[in-house]
Amino acid sequence: MLGYVGRRLLMAIPILFGVSIVIFITIKIIPGDPVASLLGPTGSPEARAALTERLGLNEPWPVQYVTWLGHTLTGDLGTSIARRSDVAPMVLDALMNTLILSAAAAVIAIVLGVAVGALTALRRTGILARLGNALALFSISVPQYSIGLLLIIYLAAGAGLFPVSGMYNPNGDGGFIDLFNHLILPAVTAALVPAGIIARMFRSSVLDVMSMDFVEALTSRGLSHRRVMVHAFHNTVPSLLTVAGLQIGYLLGGVIFVEAVFAWPGIGLLVYQSITQRDLPVIQAGVLVSALAFVVLNLVVDALHGLVDPRIRA
């Protein structure tokens with residue numbers, strides 16, 4: 001098991017290196033001039049030249065990349081151009097907020113997806129199964145921001161059941177109850193697409209396992225239906241881990257629209273605001289940290305997969 005995890009860790013190094021190159025090149029080809037956006041149209045040529053040199057933008061791209069990567073490896077993510085503060089604490093705080101939202105959405109998505117997938121697989125002809133299939137298709141098809149806006153209109157602004165936006169009430173105590181109330185709507189919104197995908201994939205996995213010979217053999221030996229289902233569901237765990245891990249990874253990078261709609265102070269909202277401000281250090285750090293979190297999550301999923309199914313460790 002340790003050798004399997006070690007091989008996965010070694011594979012993650014070139015992946016992160018490639019991601020850093022893609023991020024750097026993508027930032028460089030984004031239209032716009034960060035120097036012009038900072039100085040405005042009235043900036044003098046001397047001021048532009050001085051700021052360009054201070055930011056290191058006058059160096060060739062390979063030199064800029066090596067300099068940026070060297071600072072990043074030592075934990076120095078640079079200084080925000082727009083906010084005039086260190087990027088590392090800003091990005092880490094935003095990442096923690098995104099992890100809170102993603103974890104809550106992941107729990108909802110997995111529980112709801114497994115329940116709907118099992119229901120539609122075991123009761124394929126009932127009205128509940130048809131309703132479950134319709135809900136799964138609906139959750140996959142409808143854009144997240146549309147659902148988020150509807151929830152805000154009817155449940156937050158209309159009925160007043162939940163806060164409209166933010167992570168805490170500015171006049172509240174900032175405790176767990178306050179956080180939980182602000183978390184419900186964005187977590188449900190973010191969980192809809194992963195829940196629908198997990199439901200569809202888990203349904204297919206259950207149907208495949210139920211058609212295997214060992215299920216018929218267990219039934220013929222006189223095992224109860226509940227015991228047979230326990231054995232069948234145990235064989236769906238590897239595929240469930242795979243699809244759930246992919247969807248949690250999707251949540252880490254795909255909650256930007258949810259964070260924007262609900263003004264959740266996560267890393268997606270931070271990167272979005274930084275793009276409008278041409279704040280290159282924050283954009284680079286935010287995307288790189290998100291990629292690192294995604295790679296770590298995949299390592300955890302691979303380790304759990306290897307623990308559940310020893311065959312893949314070979």
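Residue indices begin at 1 and follow the sequence shown. Predicted, not measured: the structure shown is a model, and the values here were computed from it.
Of all non-hydrogen atoms in Ser274 and Arg83, the two that sit nearest each other are OG-NH1, 3.6 Å. Residues Thr79 and Pro281 approach most closely at O-CG, 3.4 Å, considering heavy atoms. Nearest heavy-atom pair across Ala191 and Ala105 is CB-O, 3.3 Å. Among all heavy-atom pairs drawn from Glu259 and Leu269, the shortest one is OE1-N, 2.8 Å. Between Gly196 and Ser139, the closest heavy-atom pair is CA-OG, 3.2 Å. The two residues Leu270 and Ala94 come nearest to each other via the heavy atoms CD2-CB, 3.9 Å.
Looking at Leu183 and Ile100, their side chains come closer than 4.5 Å, going by heavy atoms from C-beta outward. Looking at Val296 and Leu292, their side chains come closer than 4.5 Å, going by heavy atoms from C-beta outward. Inter-residue side-chain proximity for Gln144 and Val193 is flagged as met; some heavy-atom pair is nearer than 4.5 Å. The closest side-chain heavy-atom distance from Phe262 to His182 is not below 4.5 Å. When side chains are defined from C-beta on, Ser239 does not count as touching Met201, because their heavy atoms never get closer than 4.5 Å.
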Report the C-alpha distance between Thr120 and Arg200 in whole Å, list the side-chain angles of each, state the deciding distance to 0.1 Å, and finish with yes or no for side chain to side chain contact (heavy atoms under 4.5 Å, CB included). CA-CA 9 Å; Thr120 55; Arg200 301 288 293 177; over 6 Å; no
Check step by step if side chain to side chain contact (heavy atoms under 4.5 Å, CB included) holds for Val282 and Val271. CA-CA 7 Å; Val282 178; Val271 171; 5.7 Å; no
Does the pair Trp264 and Val258 meet the rule for a side chain to side chain contact (heavy atoms under 4.5 Å, CB included), with working shown? CA-CA 8 Å; Trp264 185 269; Val258 177; over 6 Å; no
Is there a side chain to side chain contact (heavy atoms under 4.5 Å, CB included) between Asn235 and Phe214 once you walk through the steps? CA-CA 11 Å; Asn235 283 268; Phe214 83 91; 3.4 Å; yes
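Grouping the Ile, Leu, Val, Met, Phe, Trp and Tyr side chains by contacts below 4.5 angstrom, directly or via other members, places Val116 apart from Val237. In terms of hydrophobic clustering, with Ile, Leu, Val, Met, Phe, Trp and Tyr side chains grouped at heavy-atom distances under 4.5 Å, Leu280 and Ile21 are assigned to a common cluster. By the criterion of side-chain heavy atoms lying less than 4.5 angstrom apart, applied directly or through intervening Ile, Leu, Val, Met, Phe, Trp or Tyr residues, Leu161 is grouped together with Ile108 in one hydrophobic cluster.
Between the side chain of Thr98 and the backbone N or O of Gly266, no donor-acceptor pair lies under 3.5 Å. The backbone N or O of Thr72 sits nowhere less than 3.5 Å from a side-chain atom of Asp76 that would complete a donor-acceptor pair.
Asp213 CG to Leu218 CG: the interatomic distance, rounded to the nearest 0.5 Å, is 11.0 Å. Distance check, rounded to the nearest 0.5 Å: CD1 of Ile110 to CG of Leu240 gives 7.0 Å. Atom CG in Asp279 sits 7.0 Å away from atom CE in Met90 (nearest 0.5 Å).
Residue Phe138 qualifies as open at atom CZ: its count of foreign heavy atoms under 6.0 Å is 12 or below. Within a 6.0 Å radius of OH in Tyr272, no more than 12 heavy atoms belonging to other residues, nucleotides or ligands are found. In this structure, Ile127 places its CD1 atom where only 12 or fewer heavy-atom neighbours from other residues, nucleotides or ligands lie under 6.0 Å away.
Between the side chains of Tyr145 and Thr189, not a single donor N or O lies within less than 3.5 Å of an accepting N or O. For the 3.5 Å distance criterion, the side chains of Thr67 and Glu59 fail to qualify, holding no donor opposite an acceptor.
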